[in-house]
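Below is one structure, written out as C-alpha cells; the observations come after it.
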Amino acid sequence: MTLSIGIIGTGAIGKEHMRRLNHTLKGARVVAASDVGLEQAQAAIDEVGIEARAYASGHDVINAAEVDAVVVTSWGPTHEEFVLAAIEAGKPVFCEKPLATTAEGCLRIVEAEIASGRALVQVGFMRRFDWAYRQLKALLDEGGIGQPLIAKCAHRNAQANFSGDAGLIDSCVHEFDVMRWLLEDDYVSAQVIQPRVSSLVEGDLQDPSLIILRTRKGMVITIESFLNCQYGYDIRCELVGESGVADLPQPASVPLRHSARDSLGVITHWKDRFIDAFDVEFQEWVDATAKGERHGPTAWDGYVAAVTSDACVKARHSQQVEPIALAERPAFYR
Ligand SMILES: NC(=O)C1=CN([C@@H]2O[C@H](COP(=O)(O)OP(=O)(O)OC[C@H]3O[C@@H](n4cnc5c(N)ncnc54)[C@H](O)[C@@H]3O)[C@@H](O)[C@H]2O)C=CC1
Ligand SMILES: O=C1[C@@H](O)[C@H](O)[C@@H](O)[C@H](O)[C@H]1O
C-alpha cells in the first residue's frame with residue numbers, strides 16, 4: 001500500500017520533504033499540496049517534479065479524498081489550525097516544529113487527539129532519528145558514563161535572520177526536545193544569560209544566548225544558541241557523567257593538508273547536517289502510519305517544548321530563574 005500524502009506549505013522544508021517522500025523513500029507519495037495560493041503550490045510541484053494536485057487551501061488538502069495522511073510545513077502560527085483539522089478529519093498528521101506557537105495551542109491539540117481516541121499526531125523533532133544522537137543515547141543507556149550529571153550543548157547556525165525571541169524559540173526547541181529524549185528526564189527551571197551581542201548581528205536579536213536548564217533528576221544542561229556564528233552549522237552535545245564523558249559524534253569530512261594547513265570541512269546548513277535524520281524520521285513515520293501506528297515525538301512532546309520555550313523567553317526578559325511547570329501528563333501519552 002502506498003501512503004498518499006497531502007502537504008501544506010511548499011517552502012524550503014516543504015519541498016525538501018516532497019522530494020524525499022517521492023524520490024528517496026519507499027511506500028509514500030505526495031498527491032496534493034497547498035500554499036498561500038494555487039500558483040505557489042503549483043510552482044513547487046513543478047519545481048520538485050512530482051505528479052500532484054495543487055489546492056487553494058490546507059483544509060482542501062486535508063479533506064481531499066485521495067489524501068491518506070497530512071504533512072504540515074507551513075509557517076508556525078498556522079500549525080495549530082491545520083493539525084486540529086487533520087485530527088477532526090481522522091487523518092494522521094506530521095507537523096514540523098513547532099506544534100503550535102503557544103503552550104495553550106499545544107494543549108488544545110493534545111485534548112483533541114485524546115478525544116479522537118487515536119494516536120494521529122507526530123511532531124518533526126528529527127534529531128531523535130539522527131545517527132549521532134542515537135549512538136550517544138545507546139552509550140548512555142548501557143551506562144557508558146555512569147549517571148549523567150552535566151550536559152553542554154551548542155546550536156550554531158552560520159547565519160539566521162531572526163528578530164526578538166524568535167531565534168531562541170525556533171532554534172533551541174530542538175535541544176529542548178532531544179535532551180528530554182536522550183536523558184529520559186524533564187525540566188524544572190530555565191535561566192537565560194546574555195553575553196555581549198555579536199557586532200555581526202543586525203536588529204534587536206540577542207545573539208548569542210546561553211540557556212541553563214535544570215532537570216527533575218538534578219542535571220544541569222547548558223545550551224549555547226548562536227544563530228550567526230559565521231563559520232558553519234555546528235551542533236554539539238557533551239555529556240559529563242560519574243565515570244566518563246561522551247561527545248556527540250561529528251559528521252565525517254576528508255582531512256585536507258594543503259598550503260601548510262591541516263583542515264576538516266564544516267557543514268553549513270541544517271538540511272545537510274540532518275539529511276539522514278529527516279530520511280529515517282519520514283521512512284519510520286510512513287511505515288508506522290501505513291500500519292495505523294505512531295512511534296515518534298507526540299503532541300505531548302510538542303507541548304513540553306512549547307512550555308520550555310515560554311519559560312526561556314520569560315527568563316530572558318526577567319533575568320531570573322523561571323520555573324518550568326507542566327500540566328499532568330495524560331495516560332494517553334505515557
Ligand atoms: N525540523 C527542522 O530542522 C526544520 C523545521 N522547519 C519548520 O518548518 C516550517 C516551515 O519552515 P520553512 O520551510 O523554513 O519556511 P518557508 O517560509 O520557506 O516555507 C513556509 C511556507 O508555508 C507557506 N504558508 C504560509 N501560510 C500558509 C498557509 N496558511 N497555508 C499553506 N501554506 C502556507 C508559505 O507561503 C511558505 O511557502 C516552520 O515551522 C519551521 O520551524 C524549518 C526548517 C528546518
Ligand atoms: O529547525 C530548524 C530551523 O527552523 C532553525 O531556524 C534552525 O536554527 C535549526 O537549526 C533548524 O533545525
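As the structure lists them, so they are numbered: ligands from 1, and atoms in each ligand from 1. Residue numbers run from 1 in the order of the sequence given. Source: prediction; values computed, not measured.
Not a single heavy atom of F274 sits less than 4.0 Å from an atom of ligand 2.
The nearest protein atom to atom 6 (O) of ligand 2, hydrogens excluded, is given as D170 OD2, 2.8 Å; this is a heavy-atom distance. The nearest heavy-atom contact from the protein to atom 19 (O) of ligand 1 is G11 CA, 3.3 Å. Looking only at protein heavy atoms, the nearest one to atom 12 (O) of ligand 2 is H174 NE2, 3.1 Å. Taking atom 18 (O) of ligand 1 as the reference point, the nearest protein heavy-atom neighbour is A12 N, 2.9 Å. In terms of protein heavy-atom proximity, atom 8 (O) of ligand 1 is nearest to I13 CG2, 3.4 Å. Protein heavy atom in closest approach to atom 10 (C) of ligand 1: T73 O, 3.4 Å.
Between D177 and R127 there is no salt bridge, since no side-chain nitrogen of the basic residue lies less than 4.0 Å from a carboxylate oxygen of the acidic one. Between E281 and R128, no side-chain nitrogen of the basic residue sits less than 4.0 Å from a carboxylate oxygen of the acidic one, so the salt-bridge criterion is not met.
Neither the backbone nor the side chain of Q40 comes within 4.0 Å of ligand 1, counting heavy atoms alone.
Test R294, K291, R134, K26 against E284 for salt bridge (Lys or Arg N to Asp or Glu O under 4.0 Å) and you get one pass: R134.
Less than 4.0 angstrom separates some heavy atom of H155 from each of these atoms of ligand 2: 8 (O), 9 (C), 10 (O). Per-residue contacts place P98 under 4.0 angstrom from the following atoms of ligand 1 (heavy atoms of the residue considered): 39 (O). Against a heavy-atom cut-off of under 4.0 Å, K97 is close to the following atoms of ligand 2: 1 (O), 2 (C), 3 (C), 4 (O). Of all the atoms in ligand 1, the ones that sit under 4.0 Å from a non-hydrogen atom of G124 are 1 (N). The atoms of ligand 2 that sit less than 4.0 Å from any heavy atom of N157 are 7 (C), 8 (O), 10 (O). Listed by number with element, the atoms of ligand 2 under 4.0 angstrom from any heavy atom of F162 are 6 (O).
The residue among G37, G9, S74, A44 with a heavy atom at the shortest distance from atom 9 (C) of ligand 1 is S74. Nearest to atom 39 (O) of ligand 1 by heavy atom, out of M126, K97, R273, H269, is K97. Atom 29 (N) of ligand 1 has its nearest heavy-atom neighbour, among Y55, W75, F125, F82, in F82.
T73 contributes a side-chain N or O that, together with a main-chain N or O of G9, makes up a donor-acceptor pair within less than 3.5 Å. Distance alone, capped at 3.5 Å, is enough to place a donor-acceptor pair between the R334 side chain and the R329 backbone. Proximity of a side-chain donor or acceptor of E184 to a complementary backbone N or O of L182 within less than 3.5 Å is not detected.
In this pair, F274 and Y233 present their aromatic rings perpendicular. The plane angle is above 60°, beyond the 30 to 60° band. Using a 30° and 60° split on the angle between ring planes, F125 and H174 fall in the perpendicular class, above 60°.
Here the OG-CD distance, from S57 to E81, works out to 8.5 Å after rounding to the nearest 0.5 Å.
Heavy atoms from other residues, nucleotides or ligands lying under 6.0 Å from CZ of R214 number 12 at most. More than 12 non-hydrogen atoms from other residues, nucleotides or ligands lie less than 6.0 angstrom from NZ of K137. Counted within 6.0 Å of CG on D46, heavy atoms from surrounding residues, nucleotides or ligands total more than 12; the atom is thus considered enclosed. Taking a 6.0 Å sphere around NZ of K15, one finds it holds more than 12 heavy atoms contributed by other residues, nucleotides or ligands.
Inclusion of W270 in the set of residues having an N or O under 3.5 Å from an N or O of ligand 1 is not warranted. Annotation: S171 places an N or O atom under 3.5 Å from an N or O atom of ligand 2; distance criterion only. At least one N/O-N/O distance between E96 and ligand 1 falls below 3.5 Å. Any N or O atom pair closer than 3.5 Å counts here, and Y233 shares at least one such pair with ligand 2. Close N/O approach between D35 and ligand 1 is found [any backbone or side-chain N/O within under 3.5 Å].
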